[in-house]
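What follows is a short report on a single structure.
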Number of protein chains: 2
Amino acid sequence: MSVIRKGKETASEGKRKPQRVPSAAALNRRMRNSEKKRATILDAALSTFSKYGLHGASIDQIALQADVSKTNLFYYFSNKEELYVSVLRELLDLWLKPLRAFTVEQDPIEAIRDYVRVKLEFSRDHPAESRLFCMEVMQGAPLMLTELQQPLHDLVENKIEVIQTWIDQGKLAPVEPYHLVFSLWATTQHYADFRVQVEAVAGKTLEDPDFFQETLTSLETIILNGVRPR
Amino acid sequence: MSVIRKGKETASEGKRKPQRVPSAAALNRRMRNSEKKRATILDAALSTFSKYGLHGASIDQIALQADVSKTNLFYYFSNKEELYVSVLRELLDLWLKPLRAFTVEQDPIEAIRDYVRVKLEFSRDHPAESRLFCMEVMQGAPLMLTELQQPLHDLVENKIEVIQTWIDQGKLAPVEPYHLVFSLWATTQHYADFRVQVEAVAGKTLEDPDFFQETLTSLETIILNGVRPR
DNA sequence: GTCTATATTTAGATAGAC
DNA sequence: GTCTATCTAAATATAGAC
């Protein structure tokens, strides 16, 4: 493990031994440029990996899209897998963020409303992230499992308690909290992950503001009220 | 297009010119053996593609798992893509089947209950199919779009009408039918496609009968009644 | 239908100059 | 940090004997 982690930061560590001492400003500038390039590559990688998968995407493609040479790309990321894992790592934080918002103090109905909206916005604004995450998890998360399992489990454990408290307080109907969380994840991600299917069936995507609103309202209705007539 | 389709059946067509006329029984036997082998290969392909994706899976792996030589595999399927598409084609039918059951005559509450159960059973019994389907759709269904779009659109169009009729009859709360269909798909598939995540969070999978029942009950509750307390 | 041997292509990765 | 040239391995696919 330490070997892998060592390799991962080689590029940035290489900058620590300049032949002569540059000004702080120059260092910052260089840093900024370097970071910018890394970010550009990561961006291209995300987009390409999400379209073709880890094996379907080639370094050539990614380098082309990031407008760097393949050799240059390997200067920043020492191999394909490191690049891929770097992309995933950034993803995980972003993906988990909305769930962190759940706290006992909130009104559960409002909390769920907010969550659905934020997740739908994520599906609309970050479809590549959503799909890559889905692909990785679906294949057993071989390169993310260790990083996924612990934080995910802890976070969800905590939110499950929050939901259970709401139920005990009579503010939410009695359902197994796990499955509420799964349903929220599943329904909101569906519009990003199955975008082509949604488009084939409904003829619209979340980028259409009317469709976005309609989706939001529908999901709220289904999850909060159900489809059984009252 | 015709070129592609022509190539696709080359293998089976090759069997039509035996040097001397064999008995009908012998033909049947040969057919059965041949079909059996095809099926074995398709099975191995499904399992491998669903784990590693189209590009991540190698013909070597598939041949090994099907217990045939690589060259022999190419006798039955002229190239990798043909094999992949053959797997997908079988999938699509299976995947769409449960939705066909929806008819106006049914009680909608029962119809939805049945659908959720059948789809959950599918997620439990055919996780590889579920995941491969998901992967293909997620990547834009490049090799299935033409075959997917039309039948899917037609089928859903029809079922949307059924749902709308139920709503008009007051048997179902007013929701946009599309989104009900999407929610049913999303929630039930989630347990197959995100199996590792479900396991990381809940510590169980659908193979556990208690968990299966709990999932079924929870999804029914959420979709039929919602989580807002009454 | 099945096998051995091999051709071909692609893509990940490195060496070494600048 | 970036480039040109090159190495290497893997994987798809085919030729041709049996």
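- When the shell of 6.0 Å around OH of B:Y52 is examined, it contains 12 or fewer heavy atoms from other residues, nucleotides or ligands.
- The cationic atom of B:R124 (NZ for Lys, CZ for Arg) lies less than 6.0 Å from the six-membered ring centre of B:F212 and within 45° of the ring axis.
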Using ring pair (Phe, Tyr, Trp, His ring centres under 6.0 Å), reason through B:H179 and A:Y191 one step at a time and then give a plain yes or no.
CA-CA 10 Å; B:H179 299 290; A:Y191 293 86; 5.8 Å; yes
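- Evaluation of the ring-ring contact (aromatic ring centres under 6.0 Å, His included) rule for B:F74 yields no partner, not counting sequence neighbours.
- Atom-to-atom, CD of A:Q61 to P of C:dT10 comes out at 13 Å; the value is rounded to the nearest Å.
- Within the structure, ring-ring contact (aromatic ring centres under 6.0 Å, His included) contacts touching residues 141-163 of chain A (residues at least two apart or in different chains) do not occur.
- Residue A:S69 places none of its side-chain N or O atoms closer than 4.0 Å to OP1 or OP2 of D:dT2.
- Looking at B:E82 and B:R89, no side-chain N of the basic residue comes within less than 4.0 Å of a carboxylate O on the acidic one, giving no salt bridge.
- Axis angle, first five pairs versus last five pairs of the helix from C:dG1-D:dC18 to C:dC18-D:dG1: 0°, rounded to 10°.
- Note: CG (A:L73) to P (C:dA13) measures 10 Å, nearest angstrom.
- When the side-chain nitrogen and oxygen atoms of A:Y75 are compared with OP1 and OP2 of D:dT2, none of them lie within a distance under 4.0 Å.
- In this structure, B:K159 contributes its side chain and B:F102 its backbone to a donor-acceptor pair below 3.5 Å.
- What separates CD1 of B:I41 from C1' of C:dT2 is a distance of 12 Å, to the nearest Å.
- The interatomic distance linking A:L64 (CG) with C:dG12 (P) rounds to 13 Å, in whole Å.
- In this structure, A:N72 places its CG atom 16 Å from P of C:dA13, rounding to the nearest Å.
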With a cut-off of 3.5 Å and sequence neighbours excluded, list every side-chain donor-acceptor pair involving residues 132-143 of chain B.
{"unit_1": "B:E136", "atom_1": "OE1", "unit_2": "B:Y84", "atom_2": "OH", "d": "2.7"}
{"unit_1": "B:E136", "atom_1": "OE2", "unit_2": "B:L143", "atom_2": "N", "d": "3.1"}

Whether each nucleotide of nucleotides 12-18 of chain D has a protein heavy atom under 4.0 Å at its base (B), only at its sugar-phosphate (S) or at neither (-) is summarised, 5' to 3', as BBBB---
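- In terms of the side chain to side chain donor-acceptor pair (under 3.5 Å) criterion, residue partners of A:S130 (sequence neighbours excluded) are, by chain and number, A:D193.
- Between the NZ atom of A:K37 and the C1' atom of D:dG1 there is a distance of 7 Å, rounded to whole Å.
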